[in-house]
Amino acid sequence: MRVNEKLDYREMDPSELDSNIPRGRGMIKWQPFATMPEQYERVAEMIEENAKVPAPTHDNETLVRLEEELRRSVGETVVLRYWNDGYEVQLECRIEYIADRAGMVVVSKGREVIQVEFKNIYEIV
């Protein structure tokens, strides 16, 4: 028998094979970004940061126009677009009243009462 004849394990008798060979982890499915949890968390943070928008800045004319629209719409259902913690929110709600001293607009959506800062409102539709 030559040495090279029995090098292929598929052709060898199973009793001749070393039974102390580690099995490994079996079939592992590839998961992008999940191999490093820190990388996955950072990518999720970057996606969330890209969705944020800056707070609105209004000139005096825009503020006067928005205030007039709000005062006319008290008691009516409107679509209010406003900025909240980095995100633009669009909400169909009923304007309850305007708290002038606090600079807040109090609106309700169903049974929920929401306070929106006047300076954060983009538009009233």
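In this chain, numbering begins with 1 at the start of the sequence shown.
Under the side chain to side chain donor-acceptor pair (under 3.5 Å) criterion, T77 pairs with no residue, sequence neighbours left out. Judged as a salt bridge (Lys or Arg N to Asp or Glu O under 4.0 Å), and not counting sequence neighbours, E48 has no contacts. For the side chain to side chain donor-acceptor pair (under 3.5 Å) test, residues two or more places apart in sequence or in another chain that qualify with D59 are T62. Considering only residues two or more places apart in sequence or on other chains, E68 meets the side chain to side chain donor-acceptor pair (under 3.5 Å) condition with none of them. Here R42 pairs with E45, E49 under the salt bridge (Lys or Arg N to Asp or Glu O under 4.0 Å) rule; sequence neighbours left out. Under the salt bridge (Lys or Arg N to Asp or Glu O under 4.0 Å) criterion, R72 pairs with no residue, sequence neighbours left out. The side chain to side chain contact (heavy atoms under 4.5 Å, CB included) check on A55 picks up W83, with sequence neighbours excluded. The salt bridge (Lys or Arg N to Asp or Glu O under 4.0 Å) search around D100 returns R71, not counting sequence neighbours.
At most 12 heavy atoms of other shown residues, nucleotides or ligands fall within 6.0 angstrom of atom CD in E92.
Of the charged side-chain nitrogens involved, at least one lies within less than 4.0 Å of a carboxylate oxygen, so that E96 and R94 count as a salt-bridged pair.
Clustering of Ile, Leu, Val, Met, Phe, Trp and Tyr by side-chain heavy atoms under 4.5 Å joins V79 with V125. V74 forms part of a hydrophobic cluster together with L63, L66, L70, V78, L80, Y82, V89, L91, I95, I98, V105, V107, I114, V116, F118, I121, I124, judged by ILVMFWY side-chain heavy-atom separations under 4.5 Å. Here V113 sits in one hydrophobic cluster together with Y97, V106; the rule is ILVMFWY side chains under 4.5 Å apart, joined directly or through other members.
Applying the side chain to side chain donor-acceptor pair (under 3.5 Å) rule to pairs touching residues 109-125 yields R81-E123, sequence neighbours excluded.
For the pair E69 and S73, the tightest heavy-atom approach, listed with the atom from each and the gap, is O-OG, 2.8 Å.
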